[in-house]
K.L.:
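I have a structure I would like to understand better, so I am pasting it below and will then ask my questions one at a time.
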Amino acid sequence: MQPVTPLVEAVETAMVDALRRALPEAGRTEPLVRRSDRADFQANGALALAKQHGRNPRELGAAVAAAIEAPGLISSAEVSGPGFINLDLTSEAIWAQVAARTDSDLLGLGLPLAGKRIIVDYSGPNVAKEMHVGHLRTTIIGDALARLAEALGATMIRQNHLGDWGTQFGMLIQYLNEHPEAEWHHADDADPTANVAALDRLYKQARNVFDADPDFADRARARVVALQSGDEDTRKVWRDLVEVSAEAFDAMYERLGVSLTAADLAGESTYNHLLDNVVEELVAAGIAVESEGALCVFFDDITGPDGNPVPLLLRKADGGYGYAATDLAAIRYRIRDLKADQILYVVDARQALHFKQVFATARRAGWLTDEVEAVHVPFGTVLGPDGKPFKTRSGGTVRLMSLLDEAIAKASEVIGEKNSDADPADLAALAAATGIGAVKYADLSNNRIKDYAFDTDRMVSLTGDTGVYLQYAHTRLASILRMAGKTNGTVDTAAPMSREERALALHLDAYGTNLAESMTEREPHRLCGYLYMLARTFTRFYEANPVLKAETDEIRKNRLGLVRLTRDTLAHGLNLLGIAAPERM
RNA sequence: GCGCCAGUAGCUCAGCUGGAUAGAGCACCGGACUUCUAAUCCGACGGUCGCAGGUUCGAAUCCUGCCUGGCGCGCCA
């Protein structure tokens with residue numbers, strides 16, 4: 001089915017024509033059509049054009065306004081201020097738009113990214129470690145971007161770059177071998193993350209022994225070698241660790257409502273067999289050079305405090321590969337084998353320099369070409385409610401699960417007050433939906449790049465710009481549709497249109513444009529802002545314009561059409577953010 | 001030292017890539033529930049857009065310099 005052309009594009013087309021008629025000598029013109037608070041739209045293009053051609057901007061604006069030929073679309077065009085053209089649309093055109101989107105598949109959005117293969121690398125927790133607050137943003141933002149790209153038609157390849165390799169596993173495996181009494185497979189059968197929690201504790205014990213006992217340290221190092229050289233007994237334990245950890249991650253993603261599955265796992269170990277070849281290729285090309293016993297890539301414009309170039313370290317002096325080698329193997333694989341058009345790395349802003357080096361190296365090697373877009377999608381740090389780095393009272397790392405538990409508990413408290421007679425099971429489900437939704441919305445609605453304070457009290461607040469507000473708006477929409485029962489769903493384009501109906505319909509029509517912007521900027525907070533505005537615009541409509549009790553049948557039908565489209569748009573948007581859209585609250 | 005990022009209302013944040021009087025939420029004050037869910041809405045209050053120059057019809061937005069804060073810069077990932 002054909003996508004529905006947004007009104008703003010139809011207006012732009014009309015304005016380009018008008019500009020051309022008013023000023024034929026102007027070549028390509030930008031009409032600069034925007035929403036306006038004094039009309040449906042405003043066109044600012046005449047202003048710049050007048051300047052270029054030495055014309056009086058107000059006069060040219062008037063000429064352009066007079067040259068508009070779009071009778072079914074534009075009902076009035078007036079010059080204002082220095083040369084803005086204020087445009088009002090016919091209510092017929094706006095109603096027709098509502099009708100077209102309602103009748104269309106996918107809200108008339110179409111699939112602008114169809115045919116694109118996009119990789120999103122996100123989450124990346126560590127095997128044998130609990131997920132903590134540091135994994136929150138990459139997981140939530142990455143998932144939202146993946147859902148967004150998918151909705152726009154892209155072929156999505158999610159890559160969960162698990163931390164499943166490294167010297168620490170030698171230490172842990174050796175410790176486990178020496179302490180068979182340290183049972184961790186059934187730490188708590190009711191809690192799928194308990195095994196990993198147990199492993200996390202055992203790892204810390206192993207670390208202590210490693211630091212205190214040189215003999216154990218030697219045995220641990222030997223175990224690293226055994227693991228790397230493929231010793232079967234050692235690999236068996238390692239695989240066990242990976243598998244149990246993956247189960248815990250699955251449980252976490254399930255709880256969080258994140259779309260990652262076992263099929264998306266592509267940990268560091270995935271690239272082990274490629275490392276020799278990748279590094280050889282870089283050496284052969286003269287890109288990687290030896291320095292102080294290590295194998296490095298240098299860059300002219302990247303220097304350290306001493307003024308010397310800072311290398312990207314591929315292979316350490318002890319012969320072991322660093323994570324840079326893994327990242328290079330991964331990017332080569334993603335381009336050559338996965339055929340990615342776009343690779344998004346949703347990783348902490350502090351790794352900006354690292355990615356700059358990796359991308360530059362891949363470009364020099366000829367792997368990363370102009371046809372492929374590799375982008376670091378950075379985000380700021382999660383701070384505690386006090387605005388300082390987020391730590392537990394004892395200064396430890398905050399577990400992700402306890403964070404979610406806290407949010408859900410607070411949501412449950414707040415919701416319980418409003419629904420004292422509700423079924424406890426329903427209440428628990430609703431608390432999970434709103435608590436998780438609150439956490440995700442709080443994260444996604446802030447500009448990605450800035451640090452933000454994790455303040456549970458504020459995020460589960462029932463008032464204001466929160467996930468709950470959007471969910472509540474959705475339940476009201478759903479409630480109206482429930483009570484309306486079956487309707488024949490036709491919208492009468494000749495019907496009158498109230499101010500609130502107009503505002504809502506125009507905003508609905510801009511959804512696809514917003515999705516496209518959110519994607520090109522990789523900024524989910526734009527979508528959040530849109531949805532919040534949608535919910536507000538709807539609520540204003542709802543307060544002023546009775547739907548089920550509308551004055552006439554015709555008005556009722558049109559308003560129901562608006563309600564249906566609003567519900568579908570809001571639900572669609574919430575889904576892209578990974579936030580539940582409940583039917584009742 | 002070099003580099004990256006940020007600085008907007010008392011607090012938390014938007015500001016659609018240069019447009020008209022800079023917008024929301026929270027807090028505070030005043031209104032609106034026999035009416036489709038008041039978890040809401042309406043109104044009032046509140047800002048030298050870090051500072052100083054520059055670019056132009058027009059700057060929170062672009063350029064330069066400075067101030068403040070955060071982060072990064074060889075064998076951790």
K.L.:
Is Arg476(A) near enough to A38(B) that one of its side-chain N or O atoms lies under 4.0 angstrom from OP1 or OP2?
P.N.:
yes

K.L.:
Using a heavy-atom cut-off of under 4.0 Å over every strand shown, decide if Tyr542(A) touches base, sugar-phosphate, or nothing.
P.N.:
base

K.L.:
Contact list please: residues 36-47 of chain A against RNA chain B, heavy atoms, distance less than 4.0 Å, in numerical order.
P.N.:
Arg38(A), Gln42(A), Asn44(A), Leu47(A)

K.L.:
Does any non-hydrogen side-chain atom of Phe454(A) lie less than 4.5 Å from one of Arg137(A)?
P.N.:
no

K.L.:
Ignoring backbone atoms, establish whether His354(A) has a side-chain N or O less than 4.0 Å from OP1 or OP2 of C73(B).
P.N.:
no

K.L.:
In this structure, how many angstroms lie between the P atom of U37(B) and the CZ atom of Arg482(A), rounded?
P.N.:
8 Å

K.L.:
Select base, sugar-phosphate, or nothing to describe what Asp457(A) touches, counting heavy atoms under 4.0 Å on all strands.
P.N.:
nothing

K.L.:
Does Asn56(A) reach a base, just sugar-phosphate, or nothing at all? Heavy atoms under 4.0 Å.
P.N.:
nothing

K.L.:
Just checking, any donor-acceptor pair under 3.5 angstrom between side chains of Asp465(A) and Tyr441(A)?
P.N.:
yes

K.L.:
Just checking Met483(A): base, sugar-phosphate only, or nothing, at a heavy-atom cut-off of under 4.0 Å?
P.N.:
sugar-phosphate

K.L.:
Please round to the nearest 0.5 Å and tell me the distance separating atom CZ of Arg567(A) and atom NE2 of His474(A).
P.N.:
5.5 Å

K.L.:
Run through RNA chain B and report every stem of 3 or more consecutive Watson-Crick or G-U pairs, distances under 3.5 Å, ordered by first number.
P.N.:
B:1-7 with B:67-73, B:10-13 with B:23-26, B:29-32 with B:40-43, B:50-54 with B:62-66

K.L.:
Quick one: label Glu543(A) by what it contacts on the DNA or RNA (base, sugar-phosphate, nothing), any heavy atom closer than 4.0 Å.
P.N.:
base

K.L.:
Any side-chain N or O of Lys450(A) below 4.0 angstrom from OP1/OP2 of A6(B)?
P.N.:
no

K.L.:
Just checking Ile449(A): base, sugar-phosphate only, or nothing, at a heavy-atom cut-off of under 4.0 Å?
P.N.:
sugar-phosphate

K.L.:
Is any NZ, NE, NH1 or NH2 atom of the basic residue among Arg334(A) and Asp121(A) found under 4.0 Å from an Asp or Glu carboxylate oxygen of the other?
P.N.:
yes

K.L.:
If you look at every strand shown and take non-hydrogen atoms under 4.0 Å, does Arg35(A) touch a base, only sugar-phosphate, or nothing?
P.N.:
nothing

K.L.:
Using only side-chain N and O atoms of Tyr530(A), determine if any of them is under 4.0 Å from OP1 or OP2 of A24(B).
P.N.:
no

K.L.:
Looking at Arg448(A), I'd like to know whether one of its side-chain N or O atoms comes within less than 4.0 Å of OP1 or OP2 on C5(B).
P.N.:
no

K.L.:
Base, sugar-phosphate alone, or nothing: which one does Thr539(A) contact when heavy atoms must sit under 4.0 Å apart?
P.N.:
sugar-phosphate

K.L.:
Tell me whether the side-chain N/O atoms of Arg540(A) come closer than 4.0 Å to OP1 or OP2 in C42(B).
P.N.:
yes

K.L.:
Here's a test of your reading of the structure: between Thr475(A) and Gly304(A), which maps to the more 5' nucleotide of RNA chain B?
P.N.:
Gly304(A)

